[in-house]
Amino acid sequence: MLDKHYDPRTVEAGKYEKWKENDYFKGGRDLSKKPFSMVIPPPNVTGKLHLGHAMDTTIEDIIARYKREVGYDVLWVPGMDHAGIATQAKVEAKLRAEEGVSRFDLGREGFLKKAWEWKHEYADTIHAQWAKIGLSVDYSRERFTLDEGLSAAVRHVFVTLYNEGLIYQGEKIINWDPELRTALSNIEVIHRDDEGEFFYFQYDIVGTNESLTVATTRPETMFGDTAVFVNPNDKKYKHLVGKMVINPANGEEIPLMADEYVDIEFGTGAMKCTPAHDPNDFLLGKKYGFEFIKCIDETAHMNEKAGKYQGMSRYECRKALVEDIKAAGKLIKIEKITHSVGHSERSDTVVEPMLSKQWFVRMKPLAEKVLATQKGSDKVNFIPKRFEKVLIQWMSGVEDWCISRQLWWGHRIPAYTNIKTGELVVTEEAMDPTLWKQDEDVLDTWFSSALWPFATLGWPNEEAADFKRYFPTSVLVTGYDIIFFWVSRMVFQSLHFTDKSPFHEVVIHGLIRDAQGRKMSKSLGNGVDPIDVIEKYGVDALRYFITNNTTPGMDMRYIDEKVASAQNYLNKIWNACRYVEGVLGEDYTPRPLNKKTLGVLDAAIVDKLMRTIKAVRAEMDKYHFSQASSILYNFVYDDFCSSYLEMSKVALAKEGEEKEVTKDVLYTVMKDIILMIYPYTPFVTEEMYLSLPAHKESIMDELYPEYDRTLLNKKAVEKLAILEGMIKDIRNYKSTGGMAPNAKVKLVISPAEPFKGYGDYLKRFTFASSYEVKKENLGGSSFLYPGFEMMVEEDVDPALLKEKLLKDKETLSFEIARSEKMLGNPGFVAKAPKEKIENETQKLEKNKALLESVLNKLASL
RNA sequence: GGAUGCUUAGCUCAGCGGGAGAGCAUCGCCCUUACAAGGCGGGGGUCACAGGUUCGAAACCUGUAGCAUCCACCA
């Protein structure tokens with residue numbers, strides 16, 4: 001027997017462990033079933049999981065549990081990501097704080113040992129959180145992006161792409177993070193509008209008295225300047241092109257040149273060129289064969305090229321240099337501007353564009369394959385559709401991917417240089433370290449994540465059982481913020497190496513924000529820890545909240561009251577179940593429903609149950625979880641709890657078959673409700689399920705309710721609707737008349753009950769002290785319904801009744817007018833669907849009849 | 001400069017071609033034997049604005065305004 005109050009803590013205890021031990025989460029338990037597979041987006045081993053993870057994984061868990069329930073062999077692969085930069089930064093910070101050492105003090109090997117310790121610690125935390133949330137992942141298949149299998153796959157991919165000419169080493173302008181001291185890819189740079197200054201300097205022209213003005217936001221890069229450019233069509237400067245100008249930073253002479261690239265309208269129309277510290281200037285430098293002069297080092301300090309400014313940080317240098325130029329009289333003016341500045345995603349420092357030798361993936365051929373595939377039948381389907389555009393746009397304009405990182409925590413690049421000859425070899429084999437020196441750098445974390453859906457299934461061994469059975473995966477769930485980082489890269493790697501898209505569908509969700517709609521962040525301190533929420537409301541309430549309040553692709557706010565209301569809802573179901581359980585008794589044996597023995601109210605609730613099953617399944621299949629759960633919510637609250645469950649008390653008070661049938665119906669409906677809510681809230685539904693008679697070992701042994709068309713019964717539903725209408729009228733009548741809801745009334749019906757036992761239900765729901773049926777008309781003070789009337793004796797206030805009749809008259813007239821207008825419209829009759837027209841006609845007739853009796857009644861009052 | 005999304009009840013949001021919905025808040029009544037973490041009843045919306053398509057538009061199209069977000073090398 002269930003306790004009176006639903007207590008999440010006791011309900012949740014032990015269930016996860018039991019499921020796990022009994023292998024319910026394991027894929028491949030029944031190979032006769034159709035496979036359905038997913039991979040978890042591997043969380044970073046950098047810390048605790050946040051609400052965003054809870055949302056992402058809850059959606060996946062609902063899918064996994066639902067698919068199992070409808071009969072699939074579900075494999076859901078868990079795992080974690082080593083998260084190169086992020087983890088290394090955290091480990092370094094910890095070492096600094098706790099031991100006062102840097103990674104360089106420990107050396108590569110020593111540092112990696114610490115990093116692995118960190119990994120194990122945080123993996124434990126993450127495992128505990130997964131358990132708490134209830135994720136039904138297959139632990140026997142758990143992977144890590146740095147494990148042996150993934151590492152082998154990474155090497156294989158790197159070497160293959162290298163041999164195909166799709167990976168190359170090159171010297172280009174890359175985004176350099178001077179704090180973490182590593183290269184970054186373009187998408188790891190966050191562009192933000194920052195306040196800055198635009199400095200206008202005077203450049204004297206050698207051999208003339210003339211000068212021109214050049215504007216820059218970055219004076220410190222002037223030590224790397226090799227030219228000044230103007231537009232060849234710019235009349236202001238035409239006569240000066242070809243002359244030398246004096247760089248006011250160091251007094252050096254550099255040429256004034258012309259190139260179409262320069263925008264005449266921007267700034268002064270004259271632009272300084274720093275080929276080693278600006279991507280556009282780099283291109284100009286290449287075009288004109290300039291020297292590439294680096295004047296800023298890896299820590300963003302000035303080097304020897306900066307002369308007396310050497311050793312200053314780029315900002316100190318900027319300040320000092322501007323002062324000096326001003327003192328020399330060459331500063332024209334300083335303007336405030338806001339301009340877009342690149343920041344490192346991880347360290348938030350201003351990224352320094354810098355010439356550097358790095359490894360790159362040649363993106364164009366890979367991207368083209370993606371674009372071609374998206375036009376065919378093997379395309380990846382996005383839910384919602386619009387996100388496909390994000391992928392396509394990015395792929396269309398994508399630049400080569402800088403994949404080398406100057407870190408230690410990651411997959412070391414499998415490139416070796418011969419110590420004697422300098423020969424470069426790229427190979428999967430481990431080379432003799434006495435002869436060959438391996439590249440010091442590691443790969444971008446996303447390089448390994450990109451292989452996740454197939455490498456976790458055993459690839460590159462194409463004969464691996466899991467790979468053969470479960471690849472391509474069925475669906476991927478992830479946030480829109482990592483379509484570039486992850487989704488797109490999985491797609492192109494998968495297409496290149498397996499010839500298939502890695503998943504059929506991608507379900508995109510949004511971000512979870514705080515109650516004010518702000519992004520949750522450490523600096524704002526507005527983050528919500530899912531574990532706190534679970535402590536307070538239980539994990540089922542959190543899961544229900546998350547999935548009932550999210551629309552695919554849209555951001556949502558975390559609102560505490562909504563989690564509370566989710567818990568209330570679960571408490572409601574809990575109590576309904578407690579009631580049903582009490583009614584059934586311990587010796588109840590379930591019987592299948594028999595259409596012939598069902599009473600009118602039984603048939604009506606069963607009809608509604610069937611429609612609910614159908615609608616909920618349809619929404620679940622489309623991954624519209626909030627739609628599905630709100631359909632269910634309405635059924636549970638209105639149709640079951642408020643209506644049928646209350647009405648069942650009448651039949652249960654009797655003895656015999658009617659009572660037994662009612663028990664069967666209560667059992668079936670209750671069980672189906674539990675089975676449908678189960679994917680959302682597995683813990684509480686397991687508890688309720690196990691309290692029902694004739695249960696199996698676990699709710700996970702059950703199948704999803706089936707829609708049975710033969711159990712529909714439109715007439716019963718209509719009869720129920722009239723009964724409910726009458727109940728509502730009486731309640732309303734009491735309320736407006738100032739009577740208490742439970743005030744006693746006497747009821748009379750004429751000329752006959754719509755079905756047997758009608759009056760018992762009316763009595764039960766309206767606190768009637770007596771009830772009778774009369775053949776003759778009831779006179780002035782009665783309520784009217786299609787085919788019969790009802791009177792509340794004694795307490796009736798004619799004025800109130802008249803008010804109600806007038807209101808009825810008004811609504812009916814309005815409805816009739818509406819119907820008549822519709823049906824009188826030749827366009828409607830000609831073009832609307834038949835069913836719609838019939839419906840409308842029936843309504844019109846019914847309303848007309850009712851209106852007539854209302855008018856008669858009013859006249860007789 | 002491109003692209004996308006949003007604008008619906010006091011608040012947070014669903015709905016996205018056939019009669020305006022939910023949760024919370026609010027007002028009134030009720031400890032009725034599943035549930036007071038509850039029950040019953042009510043109030044509250046020209047669905048941003050302007051055109052158009054349609055028999056029919058909150059929903060589709062076009063434009064306008066405001067607010068978000070993403071992408072982009074303008075020194």
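Chain identifiers are assigned alphabetically (A, B, ...) following the order of the sequence lines, protein sequences preceding nucleic acid strands; residue numbering begins at 1 within each chain.
Here the side chain of A/Ser735 pairs no donor or acceptor atom with the backbone of A/Asn732 at under 3.5 angstrom. Put simply, the side chain of A/Lys734 gets close to the backbone of A/Ala743: a donor and an acceptor are under 3.5 Å apart.
Contact annotation for A/Thr551: backbone-only contact, meaning every heavy-atom pair under 4.0 Å involves sugar-phosphate atoms and none involves a base. Base engagement by A/Leu645 is indicated by at least one non-hydrogen atom pair under 4.0 Å involving a base atom. Within the 4.0 angstrom heavy-atom criterion, base atoms lie near A/Cys641.
Between A/Lys4 and B/rC35 there is a side-chain N or O to OP1 or OP2 distance below 4.0 Å. An OP1 or OP2 oxygen of B/rA22 is reached within less than 4.0 angstrom by no side-chain nitrogen or oxygen of A/Tyr569. Proximity of A/Asn732 to the phosphate of B/rG42: a side-chain N or O atom is located under 4.0 Å from OP1 or OP2. Considering only side-chain N and O atoms, A/Thr736 lies nowhere under 4.0 angstrom from the phosphate OP1 or OP2 of B/rG42. Within the structure, every side-chain polar atom (N or O) of A/Arg218 is placed at least 4.0 Å from both OP1 and OP2 of B/rA75. Taking side-chain N and O atoms only, A/Asn568 has a distance below 4.0 Å to OP1 or OP2 of B/rG38.
Between A/Tyr667 and A/Tyr588, the ring planes lie tilted relative to each other; the angle falls in the 30° to 60° range. A/Tyr569 and A/Tyr633 have tilted rings, their planes meeting at an angle from 30° to 60° on a 0 to 90° scale. The aromatic rings of A/Phe640 and A/Phe635 sit parallel, their planes meeting at an angle under 30°, below the 60° perpendicular limit.
Scanning atom types as modelled, no donor and acceptor separated by under 3.5 angstrom connect the side chain of A/Lys562 and the base of B/rC24.
Contact of the A/Leu692 side chain with the A/Met688 side chain is not registered, since no non-hydrogen atoms from C-beta on lie closer than 4.5 Å.
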Between protein and nucleotides 31-33 of chain B, what N or O pairs are separated by less than 3.5 Å?
none

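Separation of the A/Phe545 and A/Tyr537 ring centroids does not fall under the 6.0 Å cut-off.
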Practice item. Kindly express the pairing pattern of RNA chain B in dot-bracket notation, using | wherever a base pairs with another strand and counting only Watson-Crick or G-U pairs under 3.5 Å. Key: ((((((((.[[[[.)..(..]]]].(((((.......))))).....[[[[[..)....]]]]])))))))....
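Nearest heavy atom pair, residue A/Ile325 against residue A/Met222, reads CD1-CE, 4.3 Å.
Taking a 4.0 Å limit (strictly below) on heavy-atom distances, residues 271-279 of chain A reaches RNA chain B at A/Met271.
The nearest whole Å value for the distance from the CE atom in A/Met556 to the P atom in B/rC6 is 17 Å.
The side-chain tip of A/Lys671 does not point at the ring of A/Tyr689 from less than 6.0 angstrom away and within 45° of straight on.
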